[in-house]
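Position 1 is the first residue of the sequence; numbering continues from there.
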Amino acid sequence: MKLSKEAIKRDFSKKLIAMFSEEVEEASILHKYLAFGSLIKEYCAENWMRTNKKYIRNEKKQVYYFSMEFLIGRLLRSNLLNLGIQRESEEALNELGINLSELEEAEMDAGLGNGGLGRLAACFLDSMASLQIPGHGCGIRYKYGLFEQKIVNGYQVEIPDNWLKEGNVWETRKEDKAVIVKFGGKVTPTMLNGRLSFFHENYQVVKAVPYDTPIIGYDNETVNTLRLWSAETFEKDKDLDFSSFKYGNYSKAVEYKSSVESISQVLYPDDSQIEGKILRLKQQYFFVSAGIQSIIRNYKKRNKPVNVLDRYIAIHINDTHPSLAVPELMRILMDEEGLGWEEAWEVTKRTISYTNHTIMAEALEKWPISIFKDLLPRIYMIVEEINRRFIEEIKVKCLQDWNRIDAMAIVNSGQIRMANLAIIGGHSVNGVAKLHTEILKKRELSNFYELYPEKFNNKTNGITHRRWLLQANPKLSDFITENIGGNWIKDPARLEDLAIYSKDNSFQEGIYNIKRNNKIKFASELKSKYGIDINPDSIFDVQAKRLHAYKRQLLNLLHIAYLYNNLRENPNLDIVPRTFFLQLRHLQAII
């Protein structure tokens, strides 16, 4: 995108007046951010529309990445970078007396994830758009993201992260794209016109409303979509609730509204009690059903038969949370589109793929049948039938080895195993590192690997290097470009070209100076905000993960104690000074 700083200044001033009837000099930082963000979204709108039209016109196969988490973070500078107008924007804002960094701080961080899982999803979206792959995200628009935290008397106090309190300038509500998701009720099998049909009655209706966020590719005019679903009460049921309220059943009306809106209220609600477990399962089915209904509706506009869906659509599930995509796609293909079981099953398997994120068998997701069957009666019937047919299939191959059959069954011991469902119901299973994938194949999922070796493959996790290098460390980025050119920005493999400088003293000195200046700047910021003095020439030893037993923070603390005790015993110990930084989340679990 080519825009001059003069055009950006003019457009920004107009946007402030249109949105808030304010001139630049009188507007607050928040209003400036909202106006500038809205302007940037407008700049990408035409490419967003063109991208979608191009995918349909060229009959491109589209990827839909289903994930409970999308830790996309702040988007302002990232979008400027990808649009290619960061420098012009900074200059335009400076001439208006505005610091871009101040606007960045006004943006609420969309904490729609808990760590690696959500950040991986965000990185994939950025990469697909930048590689011009037709790839979109599907998740939940949580009202409250990952909690804010304070430490009070040594204990963590969790505060709701109301990231939407000032609105979200990047999203567009698509009321006309809303779909209905059904929970509970009763399903009755009936022969209709010589075909077994299933009638669902007395269910609870939830309206799923999509909010679309543009995912801008780097310097290529491609804009993909992150679609997040919000749970709302259905209009007809609102009338019923008003009737209940009129006749004194106020608690019933409030209970329904609360039950529906809680689905998209918070990321990972507490599931120590049965109510929390039900809510988590509701969340998973809610966004999976809404997402697949939306995909099928758009696909049918192409006038293609549903039995070739997999030629044009790929659905990837990030961990087991969206595993209900398997039976939900089966339900739609059979109950709504009229395919027989065998045909629907083949289409489903060819459409769905699965990323496994854990090597701990005890961490693989399971749901009690008692909860699952009542909440999702038709889905449970389909899962039961998938399980029955699978067991019949493997009896011959496993030669009546019931221990292996029990281990691989989807339904067993009163529980439904979501990882087994995802493996059986898809065509691809990948780990997130070479070692991880090998452990899955040889240990945790060895039974499935022996049965389906062709399904298993590895996809090592990566990062969006533009955000975490080009955006996060501009001095280092400029230095790299000066020495090897700018091709690495689009092709990170070109960073290997730096190997020729491995013994170049002047190059290493340049890297050292950039790093030290960054550390001095950080130390100054820390002193200014918290009154803490640190040595910028010390090693910064940082562990930035939420504190948790398997994250090994306890080992880190023991190492700190070990070094400290060594220094006490030998004050003349030859050791480079170190400054340790640990993220405080869940601190009381370690103390």
Side-chain angles (χ1 to χ4, degrees), residues 66-68 117 181-187 263 268-289 317-331 345 348-349 352 354-395 397-398 400-426 429 431 439-440 443-452 455 550:
F66 279 53
S67 179
M68 283 288 284
L117 187 82
V181 180
K182 303 173 183 177
F183 293 103
K186 180 182 179 182
V187 175
I263 294 171
Y268 296 140
D270 176 36
D271 64 348
S272 58
Q273 304 296 325
I274 189 169
E275 293 81 8
K277 287 183 171 63
I278 292 171
L279 179 54
R280 282 204 182 194
L281 185 56
K282 269 188 172 183
Q283 287 183 327
Q284 293 182 11
Y285 183 67
F286 167 75
F287 91 92
V288 161
S289 178
I317 57 178
N318 190 27
D319 213 0
T320 54
H321 309 123
S323 295
L324 290 171
V326 174
E328 175 64 5
L329 183 54
M330 286 290 290
R331 181 191 71 80
W345 182 239
T348 296
K349 286 195 298 182
I352 290 176
Y354 159 57
T355 291
N356 174 283
H357 281 269
T358 181
I359 59 172
M360 297 185 294
E362 65 272 18
L364 293 174
E365 193 176 26
K366 305 176 184 69
W367 289 106
I369 290 175
S370 56
I371 293 175
F372 196 103
K373 187 176 182 179
D374 287 346
L375 188 66
L376 307 170
R378 178 59 180 138
I379 295 301
Y380 177 71
M381 294 168 69
I382 293 171
V383 169
E384 261 199 324
E385 183 62 12
I386 293 172
N387 184 65
R388 186 191 69 78
R389 290 177 181 241
F390 172 71
I391 290 175
E392 288 300 314
E393 173 195 339
I394 65 172
K395 273 182 183 178
K397 298 176 182 177
C398 293
Q400 306 297 314
D401 183 346
W402 286 103
N403 287 331
R404 286 191 69 189
I405 293 171
D406 285 348
M408 299 170 74
I410 300 168
V411 184
N412 188 273
S413 302
Q415 293 184 315
I416 296 172
R417 299 160 168 170
M418 304 307 283
N420 294 15
L421 176 62
I423 295 166
I424 293 164
V429 181
I439 291 172
L440 292 178
R443 194 175 74 196
E444 299 303 333
L445 301 178
S446 59
N447 286 327
F448 284 108
Y449 178 62
E450 290 176 24
L451 186 65
Y452 304 124
K455 288 189 179 186
Y550 83 90

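L375 CG to S370 OG: the interatomic distance, rounded to the nearest 0.5 Å, is 11.0 Å. Between N356 atom CG and I423 atom CD1 the span is 7.0 Å, to the nearest 0.5 Å. Here the CD-CD1 distance, from E328 to I379, works out to 4.5 Å after rounding to the nearest 0.5 Å. Remark: D401 CG to K395 NZ distance equals 13.0 Å, nearest 0.5 Å.
A cation-pi arrangement is present between K282 and F183 under the rule of less than 6.0 angstrom and at most 45 degrees off the ring axis.
Using a distance-only test at 3.5 Å, with no hydrogens or angles considered, no donor-acceptor pair links the side chain of R280 to the main chain of D271. Between the K277 side chain and the I371 main chain, no donor and acceptor come within less than 3.5 Å of each other. Counting only distance, with no hydrogens or angles, the side chain of D270 and the backbone of S272 share a donor-acceptor pair below 3.5 Å.
The shortest distance between side-chain heavy atoms of I410 and I391 does not fall below 4.5 Å.
Across F448 and M408, no two heavy atoms sit closer than the pair CZ-O, 3.4 Å. When all heavy atoms are compared, the tightest approach of N447 to R404 is OD1-NE, 3.1 Å.
Note on E392 versus R388: no salt bridge recorded, every NZ/NE/NH1/NH2 to OD/OE distance being 4.0 Å or above.
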Worked verdict on K397 versus E393 for salt bridge (Lys or Arg N to Asp or Glu O under 4.0 Å): CA-CA 8 Å; K397 298 176 182 177; E393 173 195 339; 3.6 Å; yes

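Checking each of E365, K366, R417 against T320 for a side-chain hydrogen bond (donor to acceptor under 3.5 Å, both in side chains) leaves exactly one that passes, namely E365.
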